[in-house]
Amino acid sequence: MDEEDMTELLDREAIRDCLYRYCRGIDRADEAALRSAYWPDAHDNHGAYSGSSEGFIRLALSIFKTTPRNVHQIANILIEFSSLSEAAVESYFTALQRGPDTGGEIRQMLLCGRYCDLFQKREGEWRIIARTVIYDWIEQQIPSGITEIERFGSRQPVGALHPNDPIYALLKATRSICRPSSEEWHERGRAVERTDH
């Protein structure tokens with residue numbers, strides 16, 4: 001495998017990692033993770049919202065910090081590079097969302113579709129610069145009338161928002177003994193890229 005092939009493999013993995021951080025950011029209402037998926041000047045066409053990524057992030061956090069339940073999953077990630085620093089990426093998603101409507105009644109939606117993203121690589125880092133969400137399946141469901149404790153019983157812990165979800169305790173513990181943070185990894189990648197030029 002030559003250096004060009006290795007670079008492409010690393011770029012593909014960095015794009016996938018970005019998509020997975022987006023899912024964590026949405027589901028956990030983790031602002032840092034959500035921001036790390038977009039460039040500050042990005043644009044997002046997301047359902048009824050169309051505007052800057054900053055506006056979308058503020059909207060999403062205002063909704064998802066109200067303790068709804070959310071699960072976003074990504075699959076079938078197809079990455080097509082148009083240059084060394086730009087890629088068109090189509091990712092299939094499934095999202096299950098539950099939360100209060102404007103009248104306070106709990107609603108549940110199953111959404112399936114695709115994220116159609118334009119990614120850019122800047123200073124060694126891949127992020128979304130433009131996103132359009134395509135909805136292929138929308139289904140309103142009847143949420144369970146029982147409480148989380150009744151529903152999950154002994155299956156604990158139940159997912160929570162940032163910083164209370166168990167993943168953050170695991171990340172905090174392992175960062176100090178195992179490996180650098182994602183920010184440190186990105187900085188190492190930028191340093192390597194600078195020495196290659």
Side-chain angles (χ1 to χ4, degrees), residues 6 9-40 42 44 46 53-54 56-77 79 89 91-99 106 108-112 115 117 119 121-128 131 133 143-144 146-193:
M6 182 62 74
L9 283 174
L10 293 172
D11 286 343
R12 287 179 181 277
E13 191 57 29
I15 288 169
R16 287 187 192 97
D17 187 69
C18 181
L19 291 165
Y20 300 148
R21 286 196 316 272
Y22 168 81
C23 290
R24 176 184 284 170
I26 285 289
D27 290 342
R28 305 277 71 84
D30 181 336
E31 184 173 353
L34 193 52
R35 286 187 183 284
S36 76
Y38 291 95
W39 289 115
D44 198 336
H46 211 120
S53 59
E54 175 63 29
F56 172 74
I57 290 167
R58 285 196 312 266
L59 174 65
L61 291 174
S62 73
I63 294 169
F64 296 133
K65 280 194 178 283
T66 60
T67 65
R69 308 293 298 166
N70 300 291
V71 177
H72 286 71
Q73 297 178 325
I74 299 241
N76 300 4
I77 302 170
I79 301 167
V89 181
S91 309
Y92 282 67
F93 73 86
T94 301
L96 186 61
Q97 300 177 335
R98 184 182 340 139
I106 299 298
Q108 184 167 300
M109 296 292 290
L110 172 66
L111 306 170
C112 300
Y115 297 127
D117 297 325
F119 270 79
K121 185 179 187 181
R122 301 178 183 177
E123 296 182 7
E125 183 176 359
W126 286 95
R127 294 190 191 188
I128 299 162
R131 164 167 283 182
V133 182
S144 173
I146 61 175
T147 67
E148 294 277 295
I149 294 171
E150 292 171 311
R151 185 166 184 223
F152 289 105
S154 61
R155 288 177 274 176
Q156 300 289 329
V158 173
L161 300 179
H162 177 269
N164 301 315
D165 190 84
I167 190 61
Y168 297 103
L170 174 64
L171 293 172
K172 184 176 181 181
T174 58
R175 280 188 181 137
S176 63
I177 58 173
C178 292
R179 57 170 255 178
S181 69
S182 61
E183 292 81 16
E184 292 168 323
W185 276 113
H186 289 305
E187 182 52 39
R188 285 183 183 182
R190 287 190 286 272
V192 168
E193 190 174 81

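The chain is numbered in sequence order, starting from 1. Scope of the values below: all heavy atoms of this structure, side chains included, with no hydrogens, waters or symmetry mates.
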Is there a side-chain contact between [X] and [Y], using heavy atoms and a 4.5 Å cut-off?
X: Ile74; Y: Cys23; answer: yes
X: Trp39; Y: Glu125; answer: yes
X: Val89; Y: Leu19; answer: yes
X: Gln97; Y: His72; answer: yes

Suppose we screen for side chain to side chain donor-acceptor pair (under 3.5 Å). Which residues come up paired with [X], at least two apart in sequence or across chains?
X: Glu31; answer: Arg35
X: Ser91; answer: none
X: Tyr38; answer: Asp44
X: Tyr168; answer: Asp30

Can you tell me how far apart [atom1] ([X]) and [atom2] ([Y]) are? Round to the nearest 0.5 Å.
X: Glu13; Y: Tyr20; atom1: CD; atom2: OH; answer: 7.0 Å
X: Leu96; Y: Cys112; atom1: CG; atom2: SG; answer: 9.5 Å
X: Phe64; Y: Leu59; atom1: CZ; atom2: CG; answer: 8.0 Å
X: Leu170; Y: Arg175; atom1: CG; atom2: CZ; answer: 9.5 Å

Which residues pass the ring pair (Phe, Tyr, Trp, His ring centres under 6.0 Å) test with His46, sequence neighbours left out?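 His46 satisfies ring pair (Phe, Tyr, Trp, His ring centres under 6.0 Å) with Phe56 only.
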Output all residues satisfying ring pair (Phe, Tyr, Trp, His ring centres under 6.0 Å) with Phe93, sequence neighbours left out; order by chain, then residue number. Tyr115
Give the table of side-chain donor-acceptor pairs shorter than 3.5 Å for residues 157-165, with sequence neighbours excluded, one pair per line with atom names and distance.
from   : atom 1 : to     : atom 2 : distance (Å)
Asp165 : OD1    : Arg28  : NE     : 3.4
Asp165 : OD1    : Ala160 : N      : 2.8
Asp165 : OD2    : Ile167 : N      : 3.1

Closest non-hydrogen atom pair between Ser36 and Cys18, with its separation: O-SG, 4.3 Å
Under the rule for side-chain contact (heavy atoms from CB on, under 4.5 Å), what residues qualify as partners of Ile106, not counting sequence neighbours?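 Once residues adjacent in sequence are excluded, the partners of Ile106 under the side-chain contact (heavy atoms from CB on, under 4.5 Å) criterion are Arg98, Pro100, Pro143.
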Excluding sequence neighbours, so at least two apart, what forms side-chain contact (heavy atoms from CB on, under 4.5 Å) with Arg58?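 So Arg58 forms a side-chain contact (heavy atoms from CB on, under 4.5 Å) with Glu54.
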